[in-house]
Every structure is written in C-alpha cells, then in structure tokens.
S.K.: 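Sharing a structure below in structure tokens format, with a few things to ask.
Chain identifiers are assigned alphabetically (A, B, ...) following the order of the sequence lines, protein sequences preceding nucleic acid strands; residue numbering begins at 1 within each chain.
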Amino acid sequence: MADELRELFKYRYLLMQLVVRDIKVRYKNSLLGFFWSLANPLIQVATITVVIKYVMQMDIPNYSAYLLVGYLPWMFFQMALLDSSQVVLAHRDLLRKVYFPREVLPLSVVLANLVHYVLAMVVFFAYLLFYRFFLHGAPIALTALWLPVLMALQTALVIGLAFFISCLNVFYEDVKYLLTVLLNVFFYLTPVMYPAELVFRKLDALHLPVLYKLYMLVPMNALTNAYRKTLLPPFEALTIKGTPVASQPLDWSLVAGAGVICLLVAVAGYAFFNARKTVFAELV
Amino acid sequence: MDYAIKLDNVSKSFELVREKSPSLKSALLSFRRRPTQKVLGLNGVTLTVAKGETVAVVGKNGSGKSTLLRVISKVYRPTSGTVEVHGRMSTMLALAAGFHPELTGRENIYFNGAILGLTAADLRDSIDRIIDFSELNDFIDSPVKTYSDGMLMRLGFSIAVETDPDILLIDEVLAVGDAEFQEKCYERIDAFKRAGRTILFVTHDLDNAAKVASRGIWLSAGQVRADGETAQVIAQYLNSLAHVHEAGEEGIARIQSGGG
C-alpha cells in the first residue's frame with residue numbers, strides 16, 4: 001500500500017484537476033452556481049419541517065436546525081456515494097488509453113462533494129449566528145470545535161465506501177440500483193429526521209440496551225448524533241405517548257469506536273480497490 | 001540501460017465470452033464458473049527499443065498493435081512476461097478521450113497534462129509552447145466543444161509533444177489534420193528524434209510509417225512476424241496481404257467453378 005500511496009502523491013495534481021473540473025463543469029452553465037447545491041437540502045428540510053410540525057403536528061422547538069445539522073452530512077454521504085458508483089464507467093475512454101492511478105477517480109468525486117459540504121456548513125454557521133444575534137437563539141457551544149474531526153472521520157468513511165462501490169460497479173452494473181435502494185433505507189434508519197434518543201427509548205423498553213450500543217457504532221448513526229450534539233444545544237424534553245424523552249449527553253466512547261470503524265473502512269476500501277484496479281481497462 | 005522499452009516474452013490474454021452487462025443476479029445464480037474462452041492478444045512478444053529509435057508497428061486489425069501499446073503504457077497488465085520502461089512516457093490521446101467539452105482549450109491543456117502525469121509547474125513552463133504549436137491562440141479560451149476534430153487533434157498532438165516526454169506513444173492519430181499541419185508534425189517528430197527521444201507508433205498508413213520510422217515491427221496474431229528496417233518489414237507485410245488476397249481469390253474462383 002505504501003507504493004500505491006507514493007504513486008498517488010505523484011499524481012496529486014491530476015486529483016486536484018479532476019476535483020476542480022468536477023466543480024467547474026457542474027456550475028459552468030448555471031447562473032446560480034453553488035446555490036443550486038444548497039437549494040436541494042434547504043427545500044428538503046423545509047418540506048420535512050412543514051410535514052412534521054404542521055401536518056403531523058409534532059411540536060418540536062427549532063426542528064429545522066436539528067434536522068439540517070443531520071441532513072447536510074447525509075447529503076454529502078449520499079451524493080458522494082452515488083457519484084462514485086458512476087465515476088469509473090464515466091471515464092472509460094480515458095482508462096482504456098492512458099495509465100494513471102485509478103484511485104484518483106473515486107477520490108475526486110468524494111473531494112468535490114466534500115467541497116460542497118464544507119460550503120453548506122459555512123452557510124449553516126451563518127444561519128446559527130443569525131439566530132443567535134437576531135432571534136435570541138442559543139450561543140454556539142465550544143464543542144463545535146470538534147466539527148473538523150467529525151468531518152475528517154466522515155470523509156474517511158465515504159472514501160472507503162466509494163472505493164468499494166466504484167470498483168464493484170465495474171464488475172456488476174446493478175450495484176448502482178442496489179445503492180439507491182440502500183441509501184433510501186438507511187436515510188430512515190439513521191437518526192437524521194429524529195433524535196437518537198428515540199431509538200434508545202425503544203430499545204431500552206425492550207431491555208436491549210446493548211443493541212443501542214451496536215446501533216451507535218454504525219458510523220453514520222454515531223456521526224449524525226455527534227454533529228447534532230456538538231453543534232446545537234440539547235433539545236428541550238419531548239413528550240412521546242405521555243412520557244418525556246430527555247436529551248442525553250454524547251457518549252464519546254461510542255463516537256471513538258465509530259471513528260475507528262471509519263478509518264478501517266477507508267483502509268479496507270483502498271486495499272479492495274487496489275487489488276482489482278488493474279483490470280478496469282479490460283472491463284469498462 | 002541504453003534501452004527505452006524492453007519486453008521479455010510478454011503475453012496478454014483476454015476472456016472472450018463476457019456478458020455485456022454482468023449483474024449481481026447472474027453472479028449469485030451461477031455457482032459454477034462458466035468456462036470462458038481465452039484469446040491471446042499478445043503471444044510471447046520479446047523486443048527491445050533503444051533510446052532514440054522511432055518504431056512503427058504495423059499489422060492487420062486485431063493483430064495486437066493496440067494491445068502492445070497498452071501493455072507498454074501500463075494500461076493493461078501483461079498476463080505473463082515483463083515490461084520495462086525507462087523515461088517519462090507520454091501518450092497522444094485520441095480525440096475525445098482526454099478533453100472535456102465544456103472546458104476551454106487552456107483548461108483542457110492543464111487537465112490533459114495532469115493525466116499524463118505532469119505537475120502544475122511543468123505545465124506552466126510548457127503552456128505557451130503548446131498553444132503556439134497548436135496554432136490555436138485565438139480559440140484557446142473557448143470551450144473545446146466549439147473545436148473541429150482537426151483542432152482537437154492539433155491540441156492533442158501539441159500537448160503530447162511539447163511536454164518533453166522521453167518516450168512518445170501514438171496510436172493511429174497522425175492521419176488527421178490538414179497537409180500543412182501534418183508536415184509540421186513530421187518536422188516536430190524529426191526534431192524529437194534528433195533530441196534522442198523514443199517514438200513508438202501504431203499505424204495503418206504505411207507510407208507515413210516508411211517516412212517517419214527507422215524500424216518497423218510487423219505483428220500478426222499477437223506475435224512479432226518481422227522486425228527490422230521499415231521498408232523491408234512493410235514489404236514483407238504487403239507481400240503477406242497479397243498472398244492472402246490471392247488465396248482468397250483462388251477460393252472464390254474454386255467456389256464459383258464448383259458451384260457453376
């Protein structure tokens with residue numbers, strides 16, 4: 001793996017070019033440019049908020065903020081993985097003609113999506129500050145300094161999965177359909193639209209607290225919860241079926257465990273991809 | 001280490017029967033691997049190209065010419081045998097492969113150069129020469145989707161040649177472009193040769209092969225059938241084509257006499 005990383009470093013300029021090209025091409029012909037990539041999550045969050053608050057009439061204070069802080073990382077996860085499923089086939093002409101380390105392809109789509117994600121997070125912070133100073137919202141906690149660590153861990157996870165997906169899609173073209181289905185399912189299983197405390201409440205009532213620990217070791221569950229706890233104040237007690245559900249402090253040991261899994265996925269994905277990348281040119 | 005390219009008993013086989021779009025379903029359902037037929041793209045090729053040589057590879061379609069180029073450029077990994085290359089290699093990209101239609105000529109030069117393994121600093125040094133040689137100064141900041149095929153070819157050739165590779169691989173692309181620009185390409189290739197650089201190109205254009213290359217290699221069914229002075233190799237190759245042609249005509253005559 002050391003040789004491969006060295007070669008990858010040699011081709012870092014190509015990686016940068018691919019990322020820049022991806023971003024440039026995506027917005028070259030659209031006037032609103034970057035705002036298109038923001039419009040999607042914002043409209044989605046607004047829609048879900050309206051449904052939860054006014055249709056289902058669940059009164060959760062500041063629901064949009066709690067939803068958005070989970071939804072933006074999910075968007076990064078979903079978009080990067082969907083793009084990665086197509087990236088090797090999209091460059092088939094190039095693969096068949098020139099040698100370059102093939103891993104720059106999945107890496108480039110992950111990094112391009114990371115750029116969008118970082119920009120979206122900047123807008124999210126502007127939104128928090130706006131609330132703080134104009135609408136008497138809560139101050140941003142010092143724990144927000146963990147954000148770069150959480151983003152780095154998520155990026156490692158997404159890179160690892162992108163290696164698996166981009167590679168498998170060369171061999172089996174229906175991987176992208178399977179991926180679409182799985183992303184849909186996991187969107188609802190991941191505590192994006194609801195707090196993780198509700199999962200805990202259910203599993204605790206079933207006397208299965210161990211299962212909750214396992215649930216929290218699934219990287220996106222742990223990360224979504226960690227983003228929410230570090231960036232926003234604890235939510236006010238919710239009342240579900242007459243009993244209050246209190247906000248729980250973040251269990252850092254579970255975040256650390258999930259973080260280790262993120263890094264293992266990255267290493268395993270890279271090894272999996274490297275073991276198969278030499279035949280891509282013959283298969284695409 | 002006076003050679004640029006050295007192949008030792010290189011073979012490359014491909015699986016002939018492969019489903020067009022393999023699916024997870026078929027993979028899960030077929031517990032037994034179906035026997036796949038292997039096809040030899042290259043069959044025990046041994047050759048050494050010295051530094052400064054210009055080599056033309058000729059042969060019929062499917063004789064393994066492009067496979068040879070791809071094995072040398074590391075696009076394909078040989079099934080057996082070893083390939084050694086000394087020096088920085090550059091491949092002249094076929095028309096569409098290395099360009100993005102939405103990006104300008106200038107942006108594409110940086111992108112194309114990056115694919116060939118160059119850095120930003122390398123490209124800053126050579127970008128003016130690339131643009132000058134391509135004669136596309138007036139169009140260089142327009143998206144390449146507005147370019148003609150000839151303009152793309154000029155840009156591609158300029159990038160490949162003006163980034164100073166030690167070894168240049170060309171796969172049947174010199175035939176495009178007007179006569180004047182082609183003449184300029186040949187001049188540039190001559191200068192390239194004089195500078196001791198190595199060129200390996202695949203072509204069907206035998207006149208050009210004889211004009212540019214000092215050495216010819218004739219591939220047939222993945223094997224080297226002849227290797228030597230270009231004119232002689234081409235003569236042998238043409239001779240074999242004539243025989244095949246005669247054999248074909250005899251066959252037709254026999255069928256006609258038998259049937260009539």
S.K.: Considering only heavy atoms, which portion of B:Leu118 lies under 4.5 Å from any heavy atom of chain A: side chain, backbone, both, or neither?
M.R.: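 Backbone only.
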S.K.: Given a strict heavy-atom distance threshold of 4.5 Å, which part of A:Leu95 is in contact with chain B: side chain, backbone, both, or neither?
M.R.: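 Answer is backbone: N, CA, C or O of A:Leu95 sit under 4.5 Å from chain B.
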S.K.: Keeping the roles fixed (side chain from B:Ser11, backbone from B:Gly44), state whether a donor-acceptor pair exists under 3.5 Å.
M.R.: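 Answer holds: yes.
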S.K.: Out of B:Gly113, B:Ala120, B:Gly117, B:Ser66, which one racks up the most heavy-atom pairs below 4.5 Å with chain A?
M.R.: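 Ranked by contacts with chain A, first place is B:Ala120.
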S.K.: Ring of A:Phe9, cation from A:Arg12 - is the NZ or CZ under 6.0 Å from the centre and inside 45° of the axis?
M.R.: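 Output yes; distance and angle both within limits.
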S.K.: Please list, chain by chain and in numerical order, all residues satisfying ring-ring contact (aromatic ring centres under 6.0 Å, His included) with A:Tyr270, sequence neighbours excluded.
M.R.: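 A:Tyr270: ring-ring contact (aromatic ring centres under 6.0 Å, His included) contacts with A:Phe163.
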S.K.: Would A:Arg276 count as a cation-pi partner of A:Phe272, with NZ or CZ less than 6.0 Å from the six-membered ring centre and within 45° of the ring normal?
M.R.: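 Yes, A:Arg276 and A:Phe272 form such a contact.
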